[in-house]
Number of protein chains: 2
Amino acid sequence: MPRIGRRERILEKSSQLFSKQGYHATTIRDISEACGMLSGSLYAHIQSKEDLLFEITDRGAELFLQSLRPIVDSRADPVDKLRRAMIAHIRVITDNLEAATVFFHEWKSLASERRRIIQQKRDRYERMWARLLSEGVESGAFRIVDEKFARLLILSAANGLYQWYRRSGDLTPEQVADRFTEILLSGLSDGKEEKR
Amino acid sequence: MPRIGRRERILEKSSQLFSKQGYHATTIRDISEACGMLSGSLYAHIQSKEDLLFEITDRGAELFLQSLRPIVDSRADPVDKLRRAMIAHIRVITDNLEAATVFFHEWKSLASERRRIIQQKRDRYERMWARLLSEGVESGAFRIVDEKFARLLILSAANGLYQWYRRSGDLTPEQVADRFTEILLSGLSDGKEEKR
DNA sequence: AGATTAAAAACAAGCGCTTGCTTGGTTTTA
DNA sequence: TAAAACCAAGCAAGCGCTTGTTTTTAATCT
């Protein structure tokens with residue numbers, strides 16, 4: 001008769017602490033205190049501290065993958081796909097700010113085996129974006145010289161969101177995604193110059 | 001009669017280790033071993049482990065500030081300024097990849113006082129970029145709806161570089177900066193649509 | 001409803017180890 | 001020959017985690 005939510009609570013508190021102080025700077029005693037128990041009591045619910053990190057990052061990876069999948073598989077036009085993919089990506093971050101922070105910032109603290117699992121999911125996610133951009137280039141919707149470079153730039157900009165979303169005032173995820181795609185699609189220049 | 005380079009060597013090895021494993025995951029014994037000495041011997045050259053982190057991040061902050069200063073103060077046109085600022089920013093990262101990684105990834109591990117110092121320098125740097133963009137908007141060179149948002153996007157994308165520059169093959173910093181500004185200024189879309 | 005009972009949850013104590021750092025003495029360097 | 005660099009040894013504190021025991025919980029049986 002497991003009391004419900006116990007483990008979830010631990011994961012949530014861990015996300016908060018890991019995202020704020022980092023994985024290595026957070027102790028088992030920090031986590032247990034945040035959960036209102038002693039350090040030993042934690043181990044009725046988890047096997048190791050690293051389990052917590054893995055579960056948080058793995059859930060994060062799955063959120064990204066599952067939110068992008070239906071968009072990539074759909075048959076919308078590339079520009080619309082990009083817009084929707086951006087919204088999805090940003091939603092995952094803003095709706096799970098602490099878990100996303102841990103996912104981006106602390107996944108390298110995982111040991112070899114589990115780190116590889118996360119690495120693979122990151123690669124899969126990046127490949128989905130690559131496909132999305134390729135379609136746009138092939139269809140003539142995007143004018144991209146260096147696809148790999150463009151992809152890395154886009155994802156860097158989007159991933160950086162977890163570091164400043166709090167500061168962006170009361171923008172909704174949709175508003176953020178709109179401004180995002182607007183800049184990425186149209187650029188910053190005034191448009192007087194001809195496109196090359 | 002201090003043997004030259006001893007302290008610099010320690011800083012360099014620390015940068016390598018901090019950037020690879022993170023500050024908290026790196027021990028004094030790791031550093032001393034990399035320097036070919038025992039852990040106690042380190043303390044003839046440093047006062048504390050955190051000194052190392054601070055000196056690395058503070059030097060990084062100064063590199064960014066000093067490389068951007070003359071560009072912001074110059075009287076070039078905004079588009080050219082942006083281009084040159086981007087090159088400078090990217091040069092700092094690519095020429096000091098390990099220190100830059102520590103600067104971006106580990107500065108929050110500093111304790112309150114020193115963390116504030118770095119925070120202030122980061123703010124100053126961001127304000128310089130803000131001014132650069134504002135000038136461009138005032139002069140009509142940039143068409144930016146939300147300046148703060150654009151600034152955060154640009155810096156996020158540029159700062160992300162430390163995570164993937166190794167993967168970008170043999171692009172020179174200038175080539176990276178060119179592709180960067182090209183996308184940011186002109187956008188990804190094919191240009192058939194009118195600019196709003 | 002109240003008593004029973006076994007699983008689940010939490011505690012109290014502490015183990016083995018690693019951490020950042022210190023100290024006192026020895027070697028190296030110029 | 002004296003300052004600088006390094007070693008050898010180890011301290012106090014904190015780490016992740018384990019163990020044996022007690023308390024709490026909620027389903028079961030009168």
Side-chain angles (χ1 to χ4, degrees), chain A residues 1-58 102 105-115, chain B residues 1-58 102 105-115:
Chain A
M1 41 191 109
R3 222 189 309 176
I4 52 151
R6 226 74 194 115
R7 201 187 151 83
E8 288 305 315
R9 183 179 164 77
I10 294 172
L11 280 166
E12 196 192 310
K13 293 293 182 186
S14 298
S15 293
Q16 290 173 11
L17 288 165
F18 290 168
S19 67
K20 197 182 167 195
Q21 330 176 1
Y23 173 71
H24 285 294
T26 303
T27 70
I28 283 291
R29 287 166 179 86
D30 288 338
I31 298 170
S32 61
E33 189 185 356
C35 294
M37 57 177 81
L38 294 187
S39 64
S41 310
L42 263 190
Y43 288 84
H45 310 280
I46 65 169
Q47 293 205 18
S48 71
K49 184 186 170 188
E50 212 201 72
D51 279 6
L52 291 171
L53 179 60
F54 177 71
E55 192 149 341
I56 293 166
T57 51
D58 192 56
V102 177
H105 221 94
E106 305 291 336
W107 72 279
K108 286 196 174 176
S109 295
L110 287 166
S112 52
E113 168 70 13
R114 292 166 144 180
R115 182 164 157 171
Chain B
M1 40 191 107
R3 223 188 309 175
I4 53 150
R6 226 78 195 110
R7 200 187 152 84
E8 286 307 314
R9 183 179 163 79
I10 294 172
L11 280 167
E12 197 193 310
K13 294 295 181 185
S14 298
S15 292
Q16 290 173 10
L17 288 164
F18 290 168
S19 69
K20 196 182 168 195
Q21 329 176 1
Y23 172 72
H24 285 294
T26 302
T27 70
I28 282 291
R29 286 166 179 84
D30 288 339
I31 297 170
S32 61
E33 190 186 355
C35 295
M37 56 178 84
L38 293 188
S39 64
S41 310
L42 261 190
Y43 287 85
H45 309 279
I46 65 168
Q47 292 204 17
S48 72
K49 183 187 171 188
E50 212 202 72
D51 279 4
L52 291 171
L53 179 60
F54 177 70
E55 193 149 340
I56 293 166
T57 51
D58 192 55
V102 177
H105 221 96
E106 304 292 337
W107 72 279
K108 285 196 174 176
S109 296
L110 288 166
S112 52
E113 168 70 14
R114 293 166 143 181
R115 181 165 159 172

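Not measured: the values here are computed from a predicted model. Every chain is numbered from 1 and lettered A, B, ... according to where its sequence line falls, protein lines coming before strand lines.
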**Q.** Between dT19(C) (C1') and Leu17(B) (CG): distance, integer Å
**A.** 16 Å
**Q.** Under the side-chain hydrogen bond (donor to acceptor under 3.5 Å, both in side chains) test, residues paired with Glu113(B) that sit two or more places apart
**A.** Arg116(B)
Q) Taking only residues two or more places apart in sequence, or in another chain, which ones meet Ala44(A) in a side chain to side chain contact (heavy atoms under 4.5 Å, CB included)? A) none
Q. Looking at DNA chain D, which of residues 42-50 of chain B put a heavy atom within less than 4.0 Å of it?
A. His45(B)
Q | Side-chain donor/acceptor of Lys49(B) to backbone N/O of Thr26(B), under 3.5 Å | A | yes
Q: Please identify each residue that fulfils salt bridge (Lys or Arg N to Asp or Glu O under 4.0 Å) with Glu55(A), with sequence neighbours left out.
A: Arg7(A), Arg59(A)
Q.
Run the side chain to side chain contact (heavy atoms under 4.5 Å, CB included) test against Ser109(B) and tell me which residues pass, sequence neighbours left out.
A. Tyr23(B), His24(B), Leu53(B), Glu106(B)
Q.
Near DNA chain D, counting only heavy atoms under 4.0 Å, which residues of residues 18-40 of chain A show up?
A. Thr26(A), Thr27(A), Ile28(A), Arg29(A), Ser39(A), Gly40(A)
Q) How far does CD1 of Ile10(B) sit from CD1 of Ile46(B), to the nearest 0.5 angstrom? A) 6.5 Å
Q) Under 4.0 Å: is that the gap between some side-chain N or O of Ser41(A) and OP1 or OP2 of dA9(C)? A) no
Q. So, His45(A) side chain and Glu8(A) main chain: donor-acceptor pair closer than 3.5 Å or not?
A. no
Q | Atom pair OG (Ser15(A)) and CD1 (Ile31(A)), whose distance is rounded to the nearest 0.5 Å | A | 9.5 Å
